[in-house]
Asks: 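One structure, as structure tokens, below. Some questions next.
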2 protein chains.
Amino acid sequence: MDFVGTALAELTMPQISPLAGEPIEKADAERLAGVLKALADPARLRLLSLIQSAPDGEACVCDLTAPLGLSQPTVSHHLRILTEAGLLEREKRGVWAYYRLVPSAIATIADLLTPPRKRATKKTR
Amino acid sequence: MDFVGTALAELTMPQISPLAGEPIEKADAERLAGVLKALADPARLRLLSLIQSAPDGEACVCDLTAPLGLSQPTVSHHLRILTEAGLLEREKRGVWAYYRLVPSAIATIADLLTPPRKRATKKTR
DNA sequence: TGCGGATATGCAGGCGAATCGATGCTGTAG
DNA sequence: CTACAGCATCGATTCGCCTGCATATCCGCA
């Protein structure tokens, strides 16, 4: 993986050109595909959903293994991928590791997919 | 794959619950992941982009192999996956097969990802 | 009817990913 | 200091997917 720790930056500060407009660059396609690939998994979608709907918008690994029916290492693995993609952020408090959604990360992805509106939050290069 | 020909219906008439709100169902997660998986590939993202930005919003296979640098069978394969996911529609005119974007398929996916607004297009069960 | 071009399909090699058990690491409690 | 609980990492296995080559199929044309 060369996404480790960088996918977030490329996401929240997207040099990635949206699907709209002119033909997408090969490099941009690979970056966007990389983030989408993190989303394109049932277990990870459910993880995001579970965390987002948790009491304080956060959850630790021990709360997530049971609902998913997956082993703890596997859940930890998925959380790692989501974090590296810039979708989750991790905070360790004591023995527990709490994960929460990165505020508008998913919304940013959605914006990259939809052509219609103009994204005013960036200078379009 | 049991998505063949059905993913479109489940997409444009989404019984799929969005990522927002309460924890997503396992079946819904798998359906959404299935569609996202079709998107999560550099070659397919570029295909969508190329077709979308083509003169009449449509393109045939022969126009797409060169820009991608992939073989004709491979391009045909990707177009098949996108079509089965409900993102593209195929129309055969003579010897050529023209592909075009399904009107609001991608926008529907984007809506499923973003929590904010309420989608009025469905009765929320 | 026979030929040639445009696509689709079958088959197979190779790489990446999902999963789990075992293990290591790090705080917390006693 | 020791024991234990919560997580991350490692190694191995299985599975799915991307790609190309070869081939089949379909259609228009002579």
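Below, chain A is the first sequence line, B the second, and so on; all start at residue 1. Keep in mind that the numbers below use all heavy atoms, side chains included, and drop hydrogens, waters and symmetry copies.
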Asks: Who pairs with B/Arg44 by side-chain hydrogen bond (donor to acceptor under 3.5 Å, both in side chains), at least two apart in sequence or on another chain?
Replies: B/His78

Asks: Check for me, please, whether A/Val102 and A/Tyr98 land in the same ILVMFWY cluster - side-chain distances under 4.5 Å, paths through other members count.
Replies: no

Asks: Hey, does the side chain of B/Tyr99 come within less than 4.0 Å of C/dA6's phosphate (OP1/OP2), counting only N and O?
Replies: no

Asks: Categorize B/Tyr98 for me: base, sugar-phosphate, or nothing, with a 4.0 angstrom heavy-atom threshold over every strand shown.
Replies: nothing

Asks: Checking all strands, does B/Arg93 fall into the base, sugar-phosphate, or nothing category for heavy-atom contacts under 4.0 angstrom?
Replies: nothing

Asks: Between C/dT19, D/dT19, C/dT7, spot the one nearest the side chain of B/Leu70, thanks.
Replies: D/dT19

Asks: Backbone N or O of A/Leu79 within a donor-acceptor pair of the A/Thr83 side chain at under 3.5 Å?
Replies: yes

Asks: I want to verify a distance call: between D/dC7, C/dA6, D/dG20, whose nearest atom is closest to the B/Ser71 side chain?
Replies: D/dG20

Asks: For B/Glu91 and C/dT7, give me the distance from atom CD to atom P, rounded to whole Å.
Replies: 13 Å

Asks: By nearest heavy atom, map A/Asp41 and B/Val61 onto DNA chain C; which one lands nearer the 5' end?
Replies: B/Val61

Asks: From D/dA8, C/dA8, D/dT19, pick the nucleotide closest to the side chain of A/Ala97?
Replies: D/dA8

Asks: Between atom CG in B/Leu82 and atom C1' in C/dA8, what is the gap in whole Å?
Replies: 16 Å

Asks: Could you list the donor-acceptor pairs under 3.5 angstrom formed between side-chain atoms of residues 63-76 of chain B and any protein atom two or more places apart in sequence or on another chain?
Replies:
{"residue": "B/Ser71", "atom": "OG", "partner": "B/Thr74", "partner atom": "N", "Å": "3.4"}
{"residue": "B/Ser71", "atom": "OG", "partner": "B/Thr74", "partner atom": "OG1", "Å": "2.9"}

Asks: Can you identify which nucleotide, out of D/dC7, C/dA8, C/dT19, has its nearest atom closest to the A/Cys62 side chain?
Replies: D/dC7

Asks: Check every strand shown and say whether A/Ile81 touches a base, only sugar-phosphate, or nothing at a heavy-atom separation below 4.0 Å.
Replies: sugar-phosphate

Asks: Is it true that B/Leu50 and A/Leu112 fall in one hydrophobic cluster, defined by side-chain heavy atoms closer than 4.5 Å?
Replies: yes

Asks: Is it true that A/Tyr99 and A/Leu101 fall in one hydrophobic cluster, defined by side-chain heavy atoms closer than 4.5 Å?
Replies: yes

Asks: Of the candidate nucleotides C/dG5, D/dT9, D/dC18, which contains the atom at the shortest distance from the side chain of B/Val95?
Replies: C/dG5

Asks: Round to a whole Å and report the spacing from CG of A/Leu64 to C1' of D/dC7.
Replies: 12 Å

Asks: If you compare every side-chain N and O of A/Arg80 against the phosphate oxygens of D/dT9 (OP1, OP2), does one of them come in below 4.0 Å?
Replies: yes

Asks: Going only through I, L, V, M, F, W and Y residues with side-chain contacts under 4.5 Å, is there a path from A/Leu39 to A/Ile81?
Replies: no

Asks: Send over the distance from A/Lys26 NZ to D/dC18 C1', rounded to a whole Å.
Replies: 13 Å

Asks: To the closest 0.5 Å, what do you measure between CG (A/Leu88) and CD1 (A/Ile51)?
Replies: 4.5 Å

Asks: In residues 72-79 of chain B, which residues come under 4.0 Å of DNA chain C by heavy atom?
Replies: B/Gln72, B/Pro73, B/Ser76

Asks: Rounded to whole Å, please give me the gap between CH2 in A/Trp96 and P in D/dC4.
Replies: 17 Å

Asks: Within this structure, what is the CZ-to-P distance between B/Arg46 and D/dC18, rounded to whole angstrom?
Replies: 15 Å

Asks: Quick one: A/Leu68 CG to C/dC20 C1', roughly how many Å, whole number?
Replies: 15 Å

